Amino acid sequence: MTRQQRKLEHIKYAVESNQEGWSPFDDMEIVHQSVTSLRWEDIDLHTKVGGLALSSPLFVNAMTGGGGIKTEKINAQLAAVAAETGIGMSVGSQMSALKDSTEEPSYRIVRKENPKGIIFANIGSESSVEQARRAVDMLEADALQIHLNVLQELIMPEGDRDFRQMDRRIEAIVQSIPVPVIVKEVGHGLSKETAIRLQELGVQFLDAAGMGGTNFSKVENRRRKDPLSAFNSWGIPTPASVKEIRGILPGAHLLASGGIRNGMDGAKSLILGAEAFGMAGSLLKVLMEEGMDSLSNRIASVHQELKIIMMLLECREPKQLAGKPYVVTGYLKEWFDQRAK
Ligand code: FNR
């Protein structure tokens with residue numbers, strides 16, 4: 001199987017497995033408040049994550065590129081909608097384009113479609129400093145994501161099996177790259193132990209990318225003849241990942257992603273201490289099944305939901321949501337309680 005075919009299979013299975021169902025965010029309720037002193041136009045979604053100025057805390061998280069004409073079209077459409085709605089966007093892993101320059105156009109199209117927008121480059125932890133630099137230059141990127149996907153590689157029959165020097169490479173990239181370096185998972189969540197380890201390597205930007213949405217164990221298992229199904233529910237639920245990282249690293253620049261379905265899940269992440277939130281699979285599903293206009297409408301709805309919650313909780317800006325009252329139950333409460341020790 002070629003790399004291009006694999007990327008198309010990832011898209012197909014990720015979209016198919018993205019179903020409306022239970023999410024860890026369902027175990028968290030924001031406490032309703034009845035008195036507010038704001039007008040709708042007082043509510044401003046602009047926010048800053050470190051030096052990154054965002055017009056909204058919502059961004060499109062890393063998905064695709066490098067799979068030929070089809071992924072180029074998806075990236076062009078995602079980028080056009082990101083430009084129209086003013087939100088940030090990450091591309092999928094650029095490792096393939098770093099190895100084969102004929103794949104570059106499917107990434108470069110993102111900057112072409114969105115010349116002034118916030119764009120994140122994306123590489124794996126196997127990348128050298130030189131490759132990291134080229135990934136950023138390819139997009140004139142505002143930040144660089146490094147994805148950690150050890151479990152995905154292990155489930156993928158053709159995946160990597162050697163992760164030596166991963167930490168040293170991350171450290172070298174953070175020291176050498178002039179834009180913010182965001183280290184993210186791919187749907188299994190960052191633990192507080194991992195977050196501390198990354199902080200010791202100099203990483204200041206973390207994206208939880210937790211369990212609850214797109215599940216690469218399931219996606220890779222769909223591709224295996226002998227599925228390793230025991231890993232289908234492996235991972236740290238996104239709200240638990242955000243809460244435990246924020247608890248231990250109050251100064252970190254923290255992003256939330258993994259199973260965020262709407263503005264309410266986004267608001268819950270901000271309440272738990274994230275500064276912005278990414279959506280991947282659920283946006284891709286809308287684009288693939290309903291098209292660009294529906295995707296723009298979905299993003300507008302996410303913003304509207306977020307603004308309604310900010311109005312109710314009397315928050316002029318997204319950062320003011322941090323620490324607002326909530327109730328947590330069931331499975332997620334177990335994670336909160338047991339990981340607080
Ligand atoms: C991804 N994701 C991803 N992440 C990354 O850092 N590099 C990548 O190349 C990809 N590729 C990719 C392809 C597809 C089709 C999907 C749906 C996702 C992971 C993504 O950025 C995110 O971390 C997870 O999908 C969890 O978020 P959602 O999908 O639950 O919102």
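Atoms within each ligand, like the ligands themselves, are counted from 1 in listed order. All values derive from a computational prediction rather than experimental measurement.
The residues D27 and K333 are annotated as not salt-bridged, no charged nitrogen and carboxylate oxygen being separated by less than 4.0 angstrom. Between R261 and D26 there is a salt bridge, since a side-chain N of the basic residue sits under 4.0 Å from a carboxylate O of the acidic one. The existence of a salt bridge linking R168 and E171 is confirmed by a sub-4.0 Å separation between a basic side-chain nitrogen and an acidic carboxylate oxygen. Note on R134 versus E104: no salt bridge recorded, every NZ/NE/NH1/NH2 to OD/OE distance being 4.0 Å or above.
For a threshold of 3.5 Å applied to N or O pairs, the pair formed by K184 and ligand 1 contains at least one separation below that value. Not a single N or O atom of H10, backbone or side chain, sits closer than 3.5 Å to an N or O atom of ligand 1. An N or O contact shorter than 3.5 Å is missing between A14 and ligand 1 by distance. Considering backbone and side-chain atoms alike, A280 places an N or O below 3.5 Å from some N or O of ligand 1. Checking only distances, Q145 never comes within under 3.5 Å of ligand 1, N or O to N or O. Where the criterion is an N or O separation shorter than 3.5 Å, residue side chain and backbone included, L284 fails it with respect to ligand 1.
Under the 4.5 Å side-chain criterion, counting only non-hydrogen atoms from C-beta, P237 is in contact with L332.
For T214, heavy-atom contacts with ligand 1 shorter than 4.0 Å involve the backbone as well as the side chain.
Evaluation of the side chain to side chain contact (heavy atoms under 4.5 Å, CB included) rule for N149 yields H147, Q152, E153, V186 as partners, not counting sequence neighbours.
With respect to atom 26 (C) of ligand 1, the closest heavy atom belonging to the protein is G258 CA, 3.7 Å.
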